[in-house]
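Structure first, commentary second.
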There are 2 protein chains.
Amino acid sequence: MSEADATATTAPDVTIEFDAEGLVPVIAQEQDSGQVLMLAYANAEAITRTTETGLAHYYSRSREELWQKGKTSGNVQHVAAVRIDCDGDTLLYRVSQEGGACHTGHATCFYRSVEGVSHEGSDEDGDGGKEEADTSTPETLSVETEVVDDRVFDPAVYDE
Amino acid sequence: MSEADATATTAPDVTIEFDAEGLVPVIAQEQDSGQVLMLAYANAEAITRTTETGLAHYYSRSREELWQKGKTSGNVQHVAAVRIDCDGDTLLYRVSQEGGACHTGHATCFYRSVEGVSHEGSDEDGDGGKEEADTSTPETLSVETEVVDDRVFDPAVYDE
């Protein structure tokens with residue numbers, strides 16, 4: 001904000017563009033380190049609760065219910081700011097994360113790096129699947145991964 | 001990676017979990033500053049092209065085509081790493097961004113902060129819409145915003 005002038009800081013109200021299920025994707029980012037922690041989804045109620053309480057709320061697509069991050073595990077997210085993107089269809093929660101964000105025990109859900117891509121069933125000839133890469137969009141795609149972020153807590157204690 | 005031991009760095013291959021449209025959301029993050037730049041979507045071909053070329057590719061849902069970020073504007077993203085989340089259904093591109101990421105001229109698409117939430121048609125009594133917050137999930141949600149990130153280039157030159 002330090003360099004923003006009066007004109008630049010004036011922005012019109014934005015109508016959030018929910019998808020057909022009434023949801024928007026939300027990126028959670030640790031505000032101090034900049035580490036991207038997770039992607040989840042929110043409905044209007046989750047956004048309202050988040051801004052009212054300062055604690056990150058989402059909507060669980062699998063459980064079909066409002067979900068306060070860390071309510072049972074204690075790994076809550078204190079939300080310092082909510083940002084919205086140019087299209088109004090994605091949010092960014094800038095948070096301070098208690099414990100770790102991922103149920104695997106890692107600080108971030110993005111603890112693996114993709115080291116290679118192999119199309120399923122396409123590499124039996126040992127060519128690395130390159131022939132198939134340009135022809136069509138396969139339904140499945142396997143990637144070789146490497147863990148690049150250590151665990152920060154015991155996942156056994158994570159109960160959500 | 002510095003603290004990762006041999007066991008921790010061994011990770012099984014991951015099958016990417018595409019949605020019904022064959023897409024996964026992709027977060028693009030500036031690797032040096034940690035700034036979250038944008039959220040877009042990728043299909044298998046976009047991911048393959050990205051890993052092959054080192055330049056960020058996505059799939060445009062509106063244009064229904066493969067899309068190399070910055071191909072026409074020059075605002076390309078050099079991809080240093082691709083991360084995948086615990087569920088295998090979201091990617092994170094760690095990039096070095098030429099110019100700016102957003103068509104509005106801002107470095108990031110998340111240049112606005114949400115300063116307030118108002119349910120459409122619910123706040124005529126001036127109670128801040130609080131009565132409605134706990135009852136149901138409205139289809140529309142308007143938010144008051146403030147610009148918190150300056151423009152870095154003239155959007156008139158942005159042609160994609």
Side-chain angles (χ1 to χ4, degrees), chain A residues 1 3-4 8-16 18 22 25 27 29 33-36 38-39 43-45 47-49 51-52 81-87 90 92 102-104 106 109-114 116-120 133 137-148 150-151, chain B residues 1 3-4 8-16 18 22 25 27 29 33-36 38-39 43-45 47-48 51-52 81-87 90-92 102-104 106 109-114 116-120 133 137-148 150-151:
Chain A
M1 291 259 342
E3 297 179 356
T9 57
T10 302
D13 288 0
V14 177
T15 300
I16 295 177
F18 293 105
I27 302 162
Q29 179 184 34
S33 67
Q35 188 173 42
V36 174
M38 55 185 276
L39 182 88
N43 61 3
E45 186 181 5
I47 297 165
T48 304
R49 294 284 183 96
T51 57
E52 285 178 351
V82 176
R83 302 258 181 104
I84 188 166
D85 78 345
C86 52
D87 297 328
T90 306
L92 172 66
C102 189
H103 72 286
T104 60
H106 292 271
C109 294
F110 297 94
Y111 61 91
R112 295 176 299 197
S113 178
V114 172
V117 173
S118 57
H119 296 274
E120 190 162 285
T137 303
E139 288 297 312
T140 59
L141 187 67
S142 292
V143 292
E144 299 134 37
T145 66
E146 187 175 10
V147 173
V148 294
D150 281 344
R151 284 203 173 101
Chain B
M1 292 243 4
E3 296 179 355
T9 58
T10 302
D13 288 0
V14 177
T15 301
I16 296 177
F18 294 104
I27 303 162
Q29 179 185 34
S33 67
Q35 188 173 43
V36 174
M38 54 186 276
L39 182 88
N43 60 4
E45 185 180 5
I47 297 165
T48 303
T51 57
E52 285 178 350
V82 176
R83 301 258 182 106
I84 188 165
D85 78 345
C86 51
D87 297 328
T90 306
L91 299 181
L92 172 66
C102 188
H103 72 286
T104 59
H106 293 273
C109 294
F110 297 95
Y111 61 91
R112 294 176 300 197
S113 179
V114 172
V117 173
S118 55
H119 296 274
E120 192 161 282
T137 302
E139 289 297 312
T140 59
L141 187 66
S142 292
V143 293
E144 299 132 37
T145 66
E146 186 176 8
V147 173
V148 293
D150 282 344
R151 283 204 173 99

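Predicted model, so just to flag it, every value in this text is computed and none were measured. Below, chains carry the letters A, B, ... as their sequence lines are ordered, and counting in each starts from 1.
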Check for a donor-acceptor pair, side chain of R112(A) on one end and backbone N or O of D85(B) on the other, with a separation under 3.5 Å. yes
Apply side-chain contact (heavy atoms from CB on, under 4.5 Å) to D13(A) and list each qualifying residue two or more places apart in sequence or on a separate chain. E144(B)
Under the ring-ring contact (aromatic ring centres under 6.0 Å, His included) rule, collect the residues that match up with Y111(B), sequence neighbours excluded. H106(B)
Any idea which of C109(A), P25(A), G116(A), G34(A) has the most non-hydrogen atom pairs under 4.5 angstrom with chain B? C109(A)
Evaluate the criterion side chain to side chain contact (heavy atoms under 4.5 Å, CB included) for residue pair L39(B) and L39(A); output intermediate values, then yes/no. CA-CA 10 Å; L39(B) 182 88; L39(A) 182 88; 4.2 Å; yes
Contact origin within I84(B) toward chain A - heavy atom pairs under 4.5 Å: both
Under 4.5 Å to a heavy atom of chain A? For S113(B) that would be both
If I measure from the heavy atoms of chain B, does T51(A) come under 4.5 Å with its side chain, its backbone, both, or neither? side chain
Applying side chain to side chain contact (heavy atoms under 4.5 Å, CB included), run through F110(B) and V148(B) and close with a yes or a no. CA-CA 9 Å; F110(B) 297 95; V148(B) 293; over 6 Å; no
Comparing V14(B), V36(B), L91(B) against chain A, the one with the most heavy-atom pairs below 4.5 Å turns out to be V14(B)
Under 4.5 Å from a heavy atom of chain A, the part of I27(B) involved: side chain
